[in-house]
Amino acid sequence: MTQTVNADPAELAKFSDLAHRWWDLDGEFKPLHRINPLRLAWLAGMAPLKGKRVLDIGCGGGILADAMARQGADVLGIDLAAKPLKVAQLHALDAQTEGVSYREVSAEDLAAEQPESFDVVTCMEMLEHVPDPSSVVHACSQLVKPGGWVFFSTLNRNPKSFAFAIVGAEYILNLLPRGTHEYDKLIRPSELVGWCRSNGLSLQATKGMEYNPFTQRYWLSGDTSVNYLLATQKT
Ligand code: SAH
């Protein structure tokens, strides 16, 4: 049986090729390490994690999944790139993180297998790498329990985000490898909110994520023009 998988092999290869660098705090994934405490505190403030069943979609090497498990959640991290998942598993062993496991499965397939099973679903910095992001939003809505939380983060699409997130971050500041993000795949908040609404996920909070290249500091703000996060709840 041929099945269409909602994934771009070239995108998965980009992340697999860099997998061994995932837990290098000063490597290619430094921005994810730096923003992790901010996004974790923000989402855990709305959806306390202790004792909760949590799914992290597009978990990569497990930076967020591992941190959520350390807050007492029972976390499953899923991704379609095999190497980052291996790295995530090895890291959990190495760091002796309890309550985290990883699986190579798509959000869509897991939704068919385990509908309404998770108290919290996170899908961070992933939608902009997928051919059909609305299908992932649909799967998130199927996976979360009624009343549960789904959190997204991604990159806005406008001239400023092109200048900051692609030209600035990839070509001037070398914060990210060149080619990490493609402009056409970036997602406006209005688009993402629209997919959420049509899938029964109601918007609870929006935040922007800003970066100052001089102080190298990240912080959450009301400015969603470049990086942003959405908190939604299944009604
Ligand atoms: N969410 C993590 C990693 C972000 S990097 C974090 O924020 O720390 C983007 C991740 O999305 C990579 O691990 C990549 O392999 C994964 N990805 C890309 N396309 C995917 C797809 N179709 N299904 C699942 N994961 C995907």
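None of the values given here were measured: they were computed from a predicted structure. When a residue number appears, it is its place in the shown sequence, counting from 1.
Contact record, Trp42 with Ala205: CZ2-CB, 4.1 Å, taken as the closest heavy-atom pair.
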### Message
For a side chain to side chain contact (heavy atoms under 4.5 Å, CB included) check, start with the C-alpha distance between Val121 and Phe151, then their side-chain angles and the critical distance, and finish with the verdict.
### Response
CA-CA 6 Å; Val121 175; Phe151 297 95; over 6 Å; no

### Task
Check the pair Glu210 / Arg217 against salt bridge (Lys or Arg N to Asp or Glu O under 4.0 Å), numbers first and verdict last.
CA-CA 8 Å; Glu210 292 188 71; Arg217 206 173 72 81; over 6 Å; no

### Audit row: Leu85, Arg103, side chain to side chain contact (heavy atoms under 4.5 Å, CB included) steps and yes/no
CA-CA 7 Å; Leu85 284 172; Arg103 234 182 106 183; over 6 Å; no

#### Entry: Intermediate values then yes/no, side chain to side chain contact (heavy atoms under 4.5 Å, CB included), Leu76 and Tyr102
CA-CA 6 Å; Leu76 173 64; Tyr102 296 98; 5.8 Å; no

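In this structure the side chain of Met209 never reaches within 4.5 angstrom of the side chain of Asp223, judged on heavy atoms. Considering only heavy atoms from C-beta on, Lys207 stays 4.5 Å or farther from Tyr228 through its side chain. Between Phe118 and Trp149, every side-chain heavy-atom pair lies at or beyond the 4.5 Å cut-off. Looking at heavy atoms from C-beta onward, Leu127 lies in side-chain contact with Val136 at the 4.5 angstrom threshold. Put simply, the side chain of Leu55 reaches to within 4.5 Å of the side chain of Leu110, judged on heavy atoms. Counting heavy atoms from C-beta outward, Val144 and Thr232 have side chains that stay 4.5 Å or more apart. With contacts defined as side-chain heavy-atom distances shorter than 4.5 Å, the pair His138/Asp132 does not qualify.
Ring-centre distance between Trp23 and His33: below the 6.0 Å cut-off.
Within 6.0 Å of the NZ atom in Lys83, the count of heavy atoms belonging to other residues, nucleotides or ligands does not exceed 12. Counting heavy-atom neighbours within 6.0 Å of Glu113 CD, excluding the residue itself, gives a total above 12. Heavy atoms from other residues, nucleotides or ligands lying under 6.0 Å from NZ of Lys14 number more than 12.
Taking the six-membered ring where tryptophan is involved, the planes of Tyr211 and Tyr218 are tilted, since the angle between them lies from 30° to 60°.
Ser161 and Asn156 share no donor-acceptor pair across their side chains, judged by distance under 3.5 Å alone. In the model, Ser202 has a side-chain atom that pairs as donor or acceptor with a side-chain atom of Gln204 under 3.5 Å. One side chain, Gln114 or Arg53, offers a donor N or O that lies under 3.5 Å from an acceptor on the other.
Checking each of Glu128, His129, Glu11 against Lys185 for a side-chain hydrogen bond (donor to acceptor under 3.5 Å, both in side chains) leaves exactly one that passes, namely Glu11. The only option from Lys50, Lys52, Lys145 that meets the salt bridge (charged side-chain N to carboxylate O under 4.0 Å, His left out) definition with Asp119 turns out to be Lys145.
Not one N or O on the side chain of Asn6 forms a donor-acceptor pair closer than 3.5 Å with the backbone of Ser135.
Residue pairs that meet the side chain to side chain donor-acceptor pair (under 3.5 Å) test with at least one member in residues 66-81, sequence neighbours left out, are Asp66-Arg70, Asp66-Thr97, Arg70-Thr97.
With respect to the salt-bridge test (charged N to carboxylate O, under 4.0 angstrom), the residues Glu116 and Lys234 qualify.
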